[in-house]
Amino acid sequence: MSEEDYEEDGEMNGKKFLYVNRRGPYGTVYALESLEVVLIGAAFEQDVSLAFMDDGVYQLKKGQNTDGMGMKNFSPTYRALEMYDVEKLFVSKESMDERGLTTEDLIVDVEVIDNAAMADLMEDAEVVLSF
Amino acid sequence: MSEEDYEEDGEMNGKKFLYVNRRGPYGTVYALESLEVVLIGAAFEQDVSLAFMDDGVYQLKKGQNTDGMGMKNFSPTYRALEMYDVEKLFVSKESMDERGLTTEDLIVDVEVIDNAAMADLMEDAEVVLSF
Amino acid sequence: MKFGIQVNEGPYQHQAADSAYNFAKAAIDAGHEIFRIFFYHDGVNNGTRLTTPPQDDRNIVKRWSELAADHNVDLVICVAAAQRRGICDADESKRNGKDADNLAEGFRISGLGQLIEAGIESDRLLVFGD
Amino acid sequence: MKFGIQVNEGPYQHQAADSAYNFAKAAIDAGHEIFRIFFYHDGVNNGTRLTTPPQDDRNIVKRWSELAADHNVDLVICVAAAQRRGICDADESKRNGKDADNLAEGFRISGLGQLIEAGIESDRLLVFGD
Amino acid sequence: MLLHTVNKSPFERNSFAQCMGHAKKGSSVLLIEDGVFAALKGAANESVVSNAIGDIGVYVLGPDLNARGMTDEDVIDGVKIVDYTGFVELAAEHDVVQSWL
Amino acid sequence: MLLHTVNKSPFERNSFAQCMGHAKKGSSVLLIEDGVFAALKGAANESVVSNAIGDIGVYVLGPDLNARGMTDEDVIDGVKIVDYTGFVELAAEHDVVQSWL
């Protein structure tokens with residue numbers, strides 16, 4: 001099966017990909033390299049969802065400023081996901097609460113779901129990529 | 001200052017080195033490579049102490065058998081430490097208790113100390129190497 | 001059944017590379033197919049031929065090369081991750097103006113699309129990491 | 001004051017290499033001396049000259065090389081850890097029968113005794129890792 | 001159903017707790033690498049595992065268990081020990097594998 | 001006295017808790033990298049930090065804090081923000097540095 005076949009098949013035949021992000025940004029490269037996969041993967045027209053839980057919710061925190069540290073601030077890229085038709089961003093309610101965060105603190109629109117709904121999302125996926 | 005000077009100075013002028021081991025064996029290479037530093041370091045005749053806490057206490061667990069996994073079982077090396085005059089092995093009481101372990105489970109003789117004594121040991125060190 | 005495998009960590013530092021190898025071996029022995037093993041993040045460090053592990057230790061890179069040779073397993077190194085970490089084949093080396101290359105036998109360097117494809121084509125995708 | 005620094009993780013994967021660099025730079029700027037930076041475990045991967053990071057990202061290996069050149073900082077790669085992970089200079093490469101080497105400028109390969117010596121000679125030893 | 005894998009110690013990281021909090025009835029959890037420490041009798045997490053057994057299947061990778069000096073006798077009742085072949089079978093029997101890294 | 005450094009999130013790993021459990025009166029703790037998450041107001045670990053302040057000095061590395069989208073206002077009262085120069089000063093002022101890796 002070639003890449004063209006997928007495009008012809010369209011969304012209906014796409015697999016359900018779930019990207020699970022559980023780490024903060026900058027401390028490790030996982031957040032950045034996860035984002036790179038999502039952007040590349042968008043061209044494959046699968047059914048993509050992103051889950052942010054644990055310290056992964058910090059990836060979406062507003063106001064990131066890396067000037068003093070020498071790394072690139074990649075958080076604006078999350079705002080570009082929409083242009084790639086990556087629109088299903090889920091955030092763990094329990095993880096937000098534990099950190100005293102609200103959706104006001106986040107750089108993009110997300111759907112806040114509780115652990116039970118997160119568990120359903122995971123069970124519903126066909127491919128889970130963990131970073 | 002050359003290596004010879006240290007040897008001439010003898011133990012009195014040696015620095016107090018503390019090696020802190022907080023990870024289990026095999027899951028990461030830290031335990032093995034920490035042991036390699038200790039063995040090499042023994043030639044420098046410093047005042048060496050080893051602390052095992054958290055999952056680090058599992059490094060000393062009896063009966064390690066790596067046949068099914070393809071890695072080398074390096075736990076017998078802990079028994080060789082004595083020959084290198086590395087004799088001060090401290091183990092965290094709280095970490096042992098949390099894991100349901102007793103000194104009977106360990107491959108070498110150790111001194112079990114509580115958190116307060118462990119904190120004193122750390123404050124008393126002149127160089128702390130963490131793995 | 002077709003398995004895809006992602007490896008996120010380099011050799012020796014974490015057990016991930018060992019677990020991934022042992023899983024792949026067991027899957028092949030059980031008659032399954034490994035569609036692809038994709039090395040991402042520090043996982044790209046599994047693909048250097050310059051390692052010289054101690055004689056009494058396992059040779060992780062060599063094991064991968066042998067797996068590729070014996071069972072025709074597709075070992076793919078992520079190009080973006082590899083560039084950050086200094087893993088390159090002769091082509092990549094030349095393109096980036098380097099004076100040497102270090103890719104081990106049986107590995108090839110390609111893009112992240114290969115990971116997505118592994119997710120699509122494999123019946124199961126497993127991730128091994130830290 | 002004399003500082004010794006141990007780096008346990010490679011470039012990009014963990015912030016450890018960045019933190020160690022920023023600390024070393026600040027120490028030098030404040031008039032202190034860096035006795036030695038010792039790269040252990042995956043930290044040895046900081047010493048490969050084959051990296052090509054993205055244009056808009058920092059070049060971690062180059063930063064180290066420049067630190068060595070500008071301030072005469074002793075950058076030591078642990079030989080045992082380097083052999084496991086595929087970091088070698090021309091001598092090591094030849095000794096181990098390899099056809100290439102990858103050590104970056106300003107680094108040298110030596111034994112673990114160099115770490116112990118850093119502990120003895122430095123007023124403070126700091127460890128950066130995962 | 002999902003096969004969850006956990007490769008880190010429950011004493012060191014939160015991944016085991018999060019996995020158990022998200023594993024639905026009928027799914028399975030396989031403990032590998034330093035994750036095997038969650039399978040041990042007499043350790044602080046014992047009740048989390050023993051309470052979950054029945055609703056979810058809990059497995060531990062034998063080679064990783066043995067490497068750390070533990071045998072069948074050290075494992076919480078109801079936890080099943082598998083080898084790599086069993087790991088492959090578990091992955092094949094479940095629809096999707098989620099690694100709690 | 002010791003300078004303790006913690007570089008991991010208190011939500012993910014046990015190193016922050018262990019550090020606080022071993023930091024003696026008069027010693028200092030510096031939060032760097034993902035360790036800065038322990039310095040934040042309104043998060044689950046706030047009381048651990050606020051109760052310790054006074055007995056021990058608690059510092060957070062500003063550049064690492066800002067990178068993660070936080071500023072002075074987000075930090076628990078009494079936690080002091082330092083830059084890398086301040087990190088170097090702290091290391092010099094204390095006798096020994098212990099990294100809780």
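In what follows, chains are A, B, ... by sequence order, proteins preceding strands, each numbered from 1.
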statement: Most heavy-atom pairs under 4.5 Å with chain F, out of D:Leu125, D:Val127, D:Asp18, belong to D:Val127

query: Of all heavy-atom pairs between F:Glu33 and D:Gly129, which one has the smallest distance, and what is that distance?
result: OE1-O, 4.2 Å

Toward chain D: residues of residues 46-59 of chain F with heavy atoms under 4.5 Å: none

Table please: side-chain donor-acceptor pairs of residues 65-72 of chain D below 3.5 Å, with sequence neighbours left out.
residue : atom : partner  : partner atom : Å
D:Ser65 : OG   : D:Val61  : O            : 3.4
D:Ser65 : OG   : D:Glu105 : O            : 2.6

query: By a 4.5 Å heavy-atom criterion (distance strictly below it), what part of D:Asp130 contacts chain F: side chain, backbone, both, or neither?
result: both

message: Report, in residue-number order, which members of residues 5-27 of chain F are under 4.5 Å from chain D by heavy-atom distance.
response: F:Asn7, F:Lys8, F:Arg13

Any donor-acceptor N or O pair under 3.5 Å, side chains F:Asp64, D:Gln15: yes

Which portion of D:Asn8 sits near chain F, non-hydrogen atoms under 4.5 angstrom: side chain

message: Strictly less than 4.5 Å between heavy atoms, which residues of residues 83-101 of chain F line up against chain D? Please order them by number.
response: F:Tyr84, F:Thr85, F:Phe87, F:Val88, F:Ala91, F:Ala92, F:His94, F:Asp95, F:Val96, F:Val97, F:Ser99, F:Leu101

